[in-house]
J.: 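Starting off with a structure, shown below.
Quick note on labels: first sequence line is chain A, next is B, and so on, each numbered from 1.
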Amino acid sequence: MTDYLFSQRPLENLLVLSAALFVLGLYTIVTRKNAVSVLMGVELVLNAANVNFVAFSQYLPGRGIHGSMFTIFVILLAAAEAAVALAIIIGIYQNFGRVDVDQADLMKE
Amino acid sequence: MPIQEILLNIFFYAFALVALGGGIAVAVSRNIVRSAFALLAVLFAVAAMYGFMRADFILVAQVLIYVGGILVLIIFAVMLTHKITDVRLSNESAPGPAAIFACLCLFFALAAVALSYRWERAAPSREATVPSREGQPPIRLELSMTQGDGRTGVTPGGTVLDGFVRCAVAARGQGGEAQARFRLERGVLKESVWQWSEFRTAEARFRAAEPGTRRAEGSFDRLPPGPYRWSARIEDFEGETAWVAFGSQGEGAAADFVSERGLTKSIGSAFMGPYLLPFELVSVLLLAALVGAAYLARKEVHRQG
Amino acid sequence: MFGTAIMPVETGLWDAVLYGDWYVSLLGIFIACFVIVNFIAVYAGVNTLMERKIAARMQARIGPYQVGPHGSLQWLADALKLMVKEDIIPRNADHLLFRLAPYVVFGGSFAAWVALPFTAGWSPAVMDVGILYILAVSSAVVIGILMAGWSSGSKWALFGAMRSAAQIVSYEVPVGITLLGMLLMYGTLNMQEISQAQETGGFFGFLTDWHGGIFSWGLFRHPPFTILAFLVYYTAGLAETNRTPFDIPEAESELVAGYHTEYSGMRFSFFFLAEYANMFVVAAIATTFFLGGWLPPFGHLVGRTFLVSPLLEGVFWFMSKCFFLVFVMMWLRWTLPRYRVDQLMDLCWKKLTPVAFINLMAIGVGEFWHLGGLMLGVAALAALGLLVSKEVARAEPVIQTPALNPKS
């Protein structure tokens, strides 16, 4: 049991946690109908990836800070992505009156 | 286990539970605003994870951008796209056994990989040989560094975060009682030449790691930021060996490791150095996203005639 | 990464707990938190009394007078009243979030206090990312306000919360850009080092080793840009605390009381504490960045006769500057009328943000090329003078109203 405590195996623990967050985000994306909820799932997935990047950067020897740098870029791009996605969602709401992802299929008809 | 380790574990598992609980609430809550506020818990817990990893700048960036920017945007979008006078906003989801099964499989696959792979933890070590004393075989030494509480190896010339480093020496072919002495030198730039002077020393007894090898670890904490070099020697009842340096010696020699407080400084110089082009590109992209979002979200203006 | 009150600055918080004397470190953390929470409570109480007295003075009234000599214990009575008042939760509310929201708001403003540089070399936590940390944890306040407004199940509260969030998020832009310009001069995010950096230097970076006292402060480093930056920061900071003239989220004539309409008793008082705590944080950041932090106006910290030690003297100067800025906030509240929503956004995006960008550029130029900064400064002063003289020439003559004279 003591083998699995954080202070002995920090990298493994963080990887398992980020795997759990990733899977929860994926589940949110797959099952939700509301577009804003889907976006929340995407944020969970991005957070999971960020935890991985920083964990590898900090706990594997000799990797420098490239993982941390990548995390900062991911956070910045997540901000841009959220802004554009929410603008699109509001546009969908103005056109359809709701934001369910399976309703916005005007192009199909 | 010392009480400090227990404390660290308690904090880690508490924050991990918050992250997991928040994630589950985001995934299954039937109320979309509660989902959004559960995301707040996840974001703060992930920030705490960055704290455990000693990535202070990323912790702050996470809270500043995710909580102060993205989460506020998300909550605004929720409120703008629903009839919000009702407190209980429904949030349909279509959970199927297939989705749950697939996600569980994926989780176990990822966790199995993370737990079963032998992640490389030690950094390359330096080997050295101490000349033999009368009638004894030469001692082969192996010098290595780990940072913090010994979790991660430090490569020669690498950085040590928050001034805590553990130096280790392993001696093969050394018999009897002995102890190791570690010497740390700190570098100061004088007239564009590094001047090294003794900073601290530490002692440690040898312990048997595996048959034929004995290992001693000396730790130095609260090191001020700056470059350091270190060396070790073995002392027993017959006398002592010469100092064996981890890196190269001499006036112009490079540092064995650099102590830094937090990540801020190295991230700043990386942005202005190797990452300059991506940094500029991201700023252009952010501007484009700003203009695009404003264009998409604006009200349609219908001109008459 | 973090230093604590008791451990040296070089030590990380985790290292202090893990490798130092862990009980001493933990005890230090608890004591620091305990002292700060109590200080916020007492400070907010005294400030309410101060605010009421100042309001009364400005409106030619007496103000609270009954409890204690000249009403000086009124704040204790108020606190007691808030504590024993019934805690009402509306039936329409989302109970969990309704209960949680005040703590999120208060937690956000409390966490910012931890990094303030109260005196030379001493903060509850010395962080390398100091100012970024303060700006980051303050964003929890926005989330808490949204939480409160939404969970109340009342449209007044919801509108107030949305207005407040839009206002705070918008005004973070000029605040961030202004502070960025100042950070160019100091070259560090650490609040202690920023204070220390203002002991020497001054005048467009020409005088690097000059102990200029008040003229070495950030305020006078690159006149007039740093002075403009101070005004921009102070205005935007005032807007971030949701106070008059920017109290649109709580506009009582439109929204009853904004996001805390449905709150009462102890939960309401948490919003109240958070508001006053936020005022102090804004004043403390302004003090640290522009007014030299704990540095005295002239000379060094030496521990004057009435202040025993240099440490206490640092506390004295820091607190005096902060309280002066807080007083100015109260003064403005009872002097200026409220902005409209469109005027508020106009001020933020069309006036403060461009000025903040100009300041950033000018300070950057001045730090890189001192002579260029000087020329820019002179040009800006000339332009300002021209603008003011034109405005004065164009302005209509002020109509003199006869002063109210009770004797006549």
J.: If you measure from CG on C:Leu100 to CZ on B:Phe37, what distance do you get to the nearest 0.5 Å?
T.: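 Separation between the atoms: 9.5 Å.
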
J.: Under 4.5 Å between any side-chain heavy atoms of B:Arg34 and C:Leu96, yes or no?
T.: yes

J.: Count the heavy atoms belonging to other residues, nucleotides or ligands that lie under 6.0 Å from CZ of B:Phe199, then report whether that count exceeds 12.
T.: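 Enclosed: over 12 neighbouring heavy atoms sit under 6.0 Å from CZ of B:Phe199.
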
J.: For the OH atom on B:Tyr275, are there more than 12 heavy atoms of other groups (residues, nucleotides or ligands in this structure) within a distance under 6.0 Å?
T.: yes

J.: Taking salt bridge (charged side-chain N to carboxylate O under 4.0 Å, His left out) as the definition, give me every residue that meets it alongside B:Glu203, ordered by chain and number, with sequence neighbours left out.
T.: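 B:Glu203 satisfies salt bridge (charged side-chain N to carboxylate O under 4.0 Å, His left out) with B:Arg181 only.
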
J.: With the side chain counted from C-beta on, respond yes when C:Met147 and B:Leu40 share a heavy-atom pair under 4.5 Å apart, and no when they do not.
T.: yes

J.: Please round to the nearest 0.5 Å and tell me the distance separating atom OG1 of C:Thr188 and atom NZ of B:Lys265.
T.: 10.5 Å

J.: For B:Phe44, check ring-ring contact (aromatic ring centres under 6.0 Å, His included) against everything at least two apart and list the hits.
T.: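 So B:Phe44 forms no ring-ring contact (aromatic ring centres under 6.0 Å, His included) with any residue.
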
J.: Below 4.5 Å, heavy-atom pairs only: which of C:Ile143, C:Leu132, C:Val142, C:Ile168 has the largest tally toward chain B?
T.: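 Option with the top pair count is C:Ile143.
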
J.: Quick one: closest heavy-atom pair of C:Ala166 and B:Phe76, and the distance?
T.: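 Answer, listing the atom of C:Ala166 first, then B:Phe76: N-CZ, 3.9 Å.
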
J.: On a heavy-atom basis, which atom in C:Ala136 and which in B:Val60 lie closest, and how many Å separate them?
T.: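 Scanning both residues completely, I find the closest heavy atoms to be CB-O, 3.9 Å.
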
J.: Decide yes or no for B:Leu64 and C:Ser139: does some side-chain heavy atom of the first lie under 4.5 Å from some side-chain heavy atom of the second?
T.: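 No; the side chains remain at least 4.5 Å from each other.
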
J.: Report the distance from atom CG of B:Leu59 to atom OH of C:Tyr133, rounding to the nearest 0.5 Å.
T.: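 Rounded to the nearest 0.5 Å, the CG-OH separation comes out at 9.0 Å.
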
